[in-house]
Every structure is written in structure tokens, then in C-alpha cells.
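Data first, discussion second: the structure below is written as C-alpha cells.
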Amino acid sequence: LHRRPHAWFWVYHADDRQAGVTAHVCEPRVDRGAILAQSAWPLRRGLPVEALHREVAERGAALLPDVLAALGNGTARPVPQDESLATKAPRLSPGAPMMDRGWPAERAWHFLAGLVSQYREPLTCRGRPVSYRRVPGFETGPTLGAPGTVEAEAGPGRWRLWCVDGFVRLEGEA
């Protein structure tokens, strides 16, 4: 569904509830060939992107024997892709905000926790950059801060990112 570089980023950004893999015919234009086989499954919330990448590779490898057998014995029936279902990912600008400050806490947590090893939302607390390394959870309830604002919690290297319906916990460097 998501084409171009950084497809994993856009799976989390779009709040996709499913992940998938497609075996398709190779063509000069990237990700355009007719579909030979597909597999889809529920995307676990907050799953680290590295785990998603491994799962996609494993499930893709599991498709290959049947695809290769069908190609070899002439029973493969490629299905043209429905171009209306494809999304083109926009380019990311370094340092630009990536998430919508109006997201609910669970969605913000899923996005930040899933991508923390490769992408960090540029956040500040009292004008200083927030160097978070972990996104351990979220809580819903009364919002005591404006959505998108970060406040320090007790102890060094702990923050709350306020969302429209609660907050996301961030941890990292003090």
C-alpha cells in the first residue's frame, strides 16, 4: 500500500492496523508489477519497526516457494495492481514535525514507540530539545497540557507529551 522509501514510517504514520507483504512481477517502475501473492496480518500496536521488518521478511520468504512453483509450472496468474489503492509517501524534511499534535495518546504512542530507533519527533520542553530513547506507554484521561507540549516528569530524562486525550511517556537522556 505504501510506496517509495520509508514505507515503514508511513505504515505507522497512517495508523495502519494491518501490515502486509506482496510478491509482484518486477518492472522498471518501483512497486508497480502485477501481484503474484499477498499476505496481510494485524499490526501489533507499538511494535518496534525492526520487528515489523523481520516479520515482513519472514512472511515474504514464506510466499516465495509457492510463487516460484507457480511461475515454474505456468500456473501463475498475475493480477494487475489497483493504482487507486497505492499511496505515494511525501518526502520527510529533516527537523520538521512528523506527527499531528491533534492525535490521541494511543496513536501518538504507537507512532513514537514503533519508530523511536529510526526516527525521533523533534520535541522541546521549555525551549530545550527532548532527547528521548524510549516510549514506554501512554495514559488517557484529563488533559492538563496543550496537545503537543512536553513537560518534565519527576526524575531526570522523563517527560510527558500531552495529547488531545491524555499523554505519552518519554524516557531518555536528561
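Heads up: numbering here begins at 1 and tracks the sequence. These figures come from a predicted structure and were not determined experimentally.
- Centroid-to-centroid, the aromatic rings of Trp103 and His13 come within less than 6.0 Å.
- The minimum heavy-atom distance between His110 and Gly46, with the atom names listed, is ND1-N, 2.7 Å.
- Residues meeting the ring pair (Phe, Tyr, Trp, His ring centres under 6.0 Å) test with Phe167, sequence neighbours left out: Trp162.
- Taking the ring centroids of Trp159 and Tyr132, they lie at or beyond the 6.0 Å cut-off.
- The salt bridge (charged side-chain N to carboxylate O under 4.0 Å, His left out) analysis of residues 33-56, with sequence neighbours excluded, yields the pairs Asp15-Arg45, Arg45-Glu106, Glu55-Arg59.
- Among all heavy-atom pairs drawn from Val67 and Ala23, the shortest one is CG2-CB, 4.1 Å.
- Contacts of His24 classified as ring pair (Phe, Tyr, Trp, His ring centres under 6.0 Å), with partners at least two apart in sequence or in another chain: none.
- Within the model, atoms OH of Tyr119 and OH of Tyr12 stand 11.5 Å from one another, a figure rounded to the nearest 0.5 Å.
- For Ala57, there are no side-chain contact (heavy atoms from CB on, under 4.5 Å) partners, not counting sequence neighbours.
- Legend: salt bridge (charged side-chain N to carboxylate O under 4.0 Å, His left out) pairs involving residues 115-128, not counting sequence neighbours, sorted by first then second residue: Arg101-Glu121.
- Smallest separation of non-hydrogen atoms from Ala76 and Leu36: CB-CD2, 4.4 Å.
- Atom CG of Leu161 and atom SG of Cys125 lie 10.5 Å apart (nearest 0.5 Å).
- Closest approach of Asp165 and Ala105 over heavy atoms only: OD1-N, 2.7 Å.
- Contact of the Val49 side chain with the Gln118 side chain is registered, since non-hydrogen atoms from C-beta on lie closer than 4.5 Å.
- When every heavy atom of Val56 is checked against every heavy atom of Gly20, the shortest pair comes out as CG2-O, 4.2 Å.
- Taken together through direct or relayed side-chain contacts under 4.5 Å among Ile, Leu, Val, Met, Phe, Trp and Tyr, Leu71 and Leu63 form parts of separate hydrophobic clusters.
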Atom pairs and distances, donor-acceptor, side-chain atoms in residues 134-148, under 3.5 Å, two or more places apart:
residue	atom	partner	partner atom	Å
Arg134	NE	Glu171	OE1	3.1
Arg134	NH2	Glu171	OE1	2.9
Glu139	OE2	Arg169	NH2	2.7
Thr143	OG1	Cys163	O	3.4
Thr143	OG1	Val164	O	3.2
Thr143	OG1	Gly166	N	3.4

